[in-house]
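Encoded as structure tokens, the structure appears first; notes follow it.
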Amino acid sequence: MTDQPSSPSSVRAEDDFDPVSALSSRFRVALSRAFSDLPDAHAAAQGADPLISPSRNRQFGDFQSNAAMPLAKVAGMPPREVAKRIIRHLDLGDLAEPITEASIAGPGFINITLRASALSRLLGVLDAPDLGLPPLPADQRRTVVVDLCGVNLAKQMHVGHLRSIIIGDCVARAIERVGHRVVRQNHVGDWGLPIAMVTDKLMRMRAGGEDIDRLDLDAIEKIYKAAQADCAADERGLAAARRWWSHPKAMAELETQVSGAREALASAKATLVKLQSGDEATRRVWQRIADTTMRECLSVCARLGADVRAEHSAGESSYADELETLVKDLLDRGVAEIDDGAVVVRVVGIEEPCIVRKSEAGGGGFLYATTDMAAIRRRVRGLGASRVVYCVDARQGLHFKQVFGAAIRAGYADLPSGEHASLEHAAFGTILGQDGRPFKTRSGENVKLTSLLNEAAARAGEAVAAKNPDLAPGEAAVIAETVGVAAIKYADLSSDRIKDYVFSFDRMLSFEGNTGPYLLYAVVRIRSIFRKAAERGIDDSASDRASFGIAAPEEKDLALALLRYPASVRAVADHLEPHRLCQYLYDLASAFSAFVTNCPVLQAPDDATRRSRLELCRLTDRVMSDGLTLLGIRPLDRM
RNA sequence: GUCCCGGUAGCUCAGUUGGAUAGAGCAGCCGCCUUCUAAGCGGCAGGUCGGGCGUUCGAAUCGCCCCCGGGACGCCA
């Protein structure tokens, strides 16, 4: 969901390493000249997109332009005639083989075959330190807030957090990589009645003489669940029991339970008030919960290779002091109105209004929509964001629609330019178990991330030991951990994020096909070649950097794949779709595997070929490693 | 009931702005290791793109209607 179209992160006038943009600019020139005698067609062709895309089938060349067909109608001539006019004015220079009428195929496709010399030159341009993704000029550089992780206090890290961390981290890295300033925000659920319930229970435990400082997160989570159960009054059950004249004993039990729950709830509410008013003793216990939770959260993020650190935390509690004035501001300016006693903001196009304050009858408290509006205001005004990306479960879709609409209506997303910040929900689907139901343990509990990671590492360890028994135990352990984490992350990132996906250790760790381990293996093979080269005394130093010689079909395919890298990264940054980079890296790894099985590197027929192929290996390693890093996966030397 | 998201090969998934004969991987079958890790490469087979109607030179892609699955729907977060 995007409330305004996200602009391309950066499209330079001449991306000269990218064949698509090089060909596009040549075609634009031809299009602007092809219809100078026909005013209508001329006008249409001026702004027309050359529609350059990689050919799907090799028999049609390397690239094709589909520009002729859409212009045929307005030009009033058959599309093949349009194509003929275009190629008559087309000058591809030494970029491609000559374009003739034989290049026009089907209804009017113009097929283009790049020259080997051009590929070689383009690779040379790509082979710069920034790999085709240079720093942005200041006027194009934006500040982007990425909302990710979003843990709750007093709860273990479980699969429900996995996608937000993995996708959020990847999206943040990609946006950063194309040159923007990224501010990560971990919107920690650390406020409100549920947290007050645990705090309350812990305080009573301490008053009873228990040493609560010894409790780990596991213990705290159990207390959290117990506290919730304590407060869950079965009011309806009691009412129904009274109405139906239930057995006195059952009635009595229900009454006891309900009155106990009312007591616990009242106590928790009192603790909430103390917490909100800054009572020191209460605050200390709350802080203890927060510290324990965050220590665990950050260590799991670190293990996942996700850049989520303490300084990224912006808990709901940090907005608490702003909510009162925020709601007043909304009411004062007529943005909000009273409805059934509650304060709501209506958003055009959405039936349900956004509730920012409960009615008096409901307690008059604030809701998570209130906090989210305060967060938007701080992110745009305080942090200077012109784009805010929420990596949050798809089920929050309506909530974000409401909050985004309300924040925009309130002017909280306004930028100095007069436009408003782009607020985007990078929604993702649910992780399912083999049964197609949300992924849970056999007993119905959430699967803890630590146990998930442990199992992945253990299974990866078995596979690594079987495939490569020569590794030293210490290195093998590191490799197992990296491979296991990579398998989980890649499985999460490689399909369209909006869809649910079925979690399967067997598939993600099968190490065949489109998996994390396959990509790691491609890099390992490259590095193995360089190790062998060093053993054989082959000088691969860059002092006399060889040029890229493109002759074999596998070399050409590899070259074409390499040149697509910058566009793939931009696709992730612009559209928040990590699976496009995954697909790209899989294509590149496949192209490399085909290359390496058919084109001997160290035993190449001649010295120039060997040096050229080594350069292809080196560049492939750089692109693969850069791309894997953007996915949050650490490349390996061996596995 | 209203709204959102899915439905593509036996299974898991890609499919860019509407472009050529809808692509991968797994599973199945057939080849390829005295040579840089076979965790690999090549090939065969496998499809009413949920269904229908429409728009278009051209539809998996756009529009409308239906079917199936999941989800969300005012004072929880």
Side-chain angles (χ1 to χ4, degrees), chain A residues 1 49 51 53-57 59-60 64 66 69-70 72-73 78-79 105-109 111 150 152 189 191-195 316 339-344 350-359 361-369 371 393-399 401-402 427 429-430 432 436 438 463-464 466-468 470 483 491 494-496 498-502 504 506-507 509-515 517-518 520-522 524-526 528-533 535-536 554 567 571 575 579-580 582-583 586-587 590 593-598 600-603 617 638-639:
Chain A
M1 176 176 57
D49 190 323
L51 296 171
S53 63
S55 297
R56 204 176 291 177
N57 195 324
Q59 75 184 84
F60 301 130
Q64 64 188 57
N66 300 337
M69 282 82 78
K73 183 168 269 185
F109 303 106
N111 292 331
N152 300 306
W191 210 234
L193 193 56
I195 306 301
E316 293 176 329
D339 186 42
D340 265 353
V343 181
V344 306
I350 306 175
E351 196 80 30
E352 303 86 352
C354 182
I355 303 178
V356 293
R357 178 161 215 166
K358 300 179 195 176
S359 63
F366 305 108
L367 294 101
Y368 76 139
T371 308
D393 193 291
R395 286 173 294 191
Q396 307 272 340
L398 176 60
H399 165 70
K401 236 181 227 176
Q402 292 174 321
T430 306
L432 307 175
V464 169
K467 300 286 183 186
N468 198 348
D470 301 334
V483 171
S494 59
S495 64
D496 194 350
I498 195 64
K499 294 185 176 177
D500 297 347
Y501 76 92
V502 177
S504 162
D506 288 338
R507 197 163 49 245
L509 284 164
S510 74
F511 300 179
E512 289 166 356
N514 194 3
T515 63
Y518 174 84
L520 288 173
Y521 180 59
V524 163
R525 292 181 86 178
I526 300 173
S528 173
I529 289 172
F530 282 107
R531 275 196 302 273
K532 278 284 189 312
E535 281 171 21
R536 296 178 194 181
E554 291 85 3
H575 306 289
H579 78 282
R580 296 211 202 186
C582 293
Q583 187 65 49
Y586 178 62
D587 290 346
S590 301
S593 292
F595 160 77
V596 90
T597 45
N598 292 294
V601 177
L602 299 180
Q603 286 154 36
C617 288
R638 266 180 263 267
M639 64 189 275

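By convention in this document, chain letters (A, B, ...) are assigned in the order of the sequence lines, proteins followed by strands, and residues within each chain are numbered from 1. Reckoned from all heavy atoms, side chains included, excluding hydrogens, waters and symmetry mates.
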Gap between atoms [atom1] and [atom2], on [X] and [N] respectively (whole Å):
| X | N | atom1 | atom2 | answer |
| --- | --- | --- | --- | --- |
| A/Asp393 | B/A77 | CG | P | 17 Å |
| A/Lys532 | B/C36 | NZ | P | 7 Å |
| A/Glu351 | B/U2 | CD | P | 11 Å |
| A/Glu554 | B/G40 | CD | P | 18 Å |
| A/Arg525 | B/C36 | CZ | C1' | 9 Å |
| A/Asp587 | B/G15 | CG | P | 12 Å |

Base-pairing assignment for B/G40 (Watson-Crick or G-U wobble, both under 3.5 Å): B/C32
Closest to the side chain of A/Lys499, out of B/G25, B/G7, B/U21, is B/G7
Selection from B/C41, B/C13, B/C36 that lies nearest to any side-chain heavy atom of A/Val502: B/C13
Counting any heavy atom closer than 4.0 Å, what does [X] reach on the DNA or RNA strands: base, sugar-phosphate only, or nothing?
| X | value |
| --- | --- |
| A/Val524 | base |
| A/Val596 | base |
| A/Pro600 | base |
| A/Pro517 | nothing |
| A/Ser593 | sugar-phosphate |
| A/Gln583 | sugar-phosphate |
| A/Ile498 | sugar-phosphate |
| A/Gly513 | sugar-phosphate |
| A/Asp496 | sugar-phosphate |
| A/Phe595 | nothing |
| A/Leu367 | sugar-phosphate |

Close side-chain approach of A/Asn468 and A/Met639, heavy atoms under 4.5 Å: no
Which whole number of Å gives the distance between the [atom1] atom of [N] and that of [M]?
| N | M | atom1 | result |
| --- | --- | --- | --- |
| B/C36 | B/C41 | C1' | 15 Å |
| B/G63 | B/A24 | C1' | 31 Å |
| B/C44 | B/G58 | C1' | 31 Å |
| B/U56 | B/G19 | C1' | 12 Å |
| B/A9 | B/C49 | C1' | 10 Å |
| B/C3 | B/G46 | C1' | 39 Å |
| B/A45 | B/A22 | P | 14 Å |
| B/C30 | B/C67 | C1' | 41 Å |

If each of A/Thr597 and A/Asp339 is mapped to the nucleotide of RNA chain B with the nearest heavy atom, which maps nearer the 5' terminus, i.e. the 5' end? A/Thr597
Of A/Phe366 and A/Ala463, whose nearest nucleotide on RNA chain B comes first from the 5' end? A/Ala463
Counting heavy atoms not belonging to A/Glu351, are there more than 12 under 6.0 Å from its CD? no
Pick out the pairs of N or O atoms, protein on one side and nucleotides 70-73 of chain B on the other, that lie under 3.5 Å.
unit_1, atom_1, unit_2, atom_2, d
B/C73, O2', A/Glu352, OE2, 2.5

Protein-nucleotides 16-20 of chain B N/O pairs closer than 3.5 Å?
unit_1, atom_1, unit_2, atom_2, d
B/A20, N7, A/Gln64, OE1, 3.2
B/A20, N7, A/Gln64, NE2, 3.4
B/A20, N6, A/Gln64, OE1, 3.0
B/A20, N6, A/Asn111, OD1, 2.4
B/A20, N1, A/Asn111, ND2, 3.4

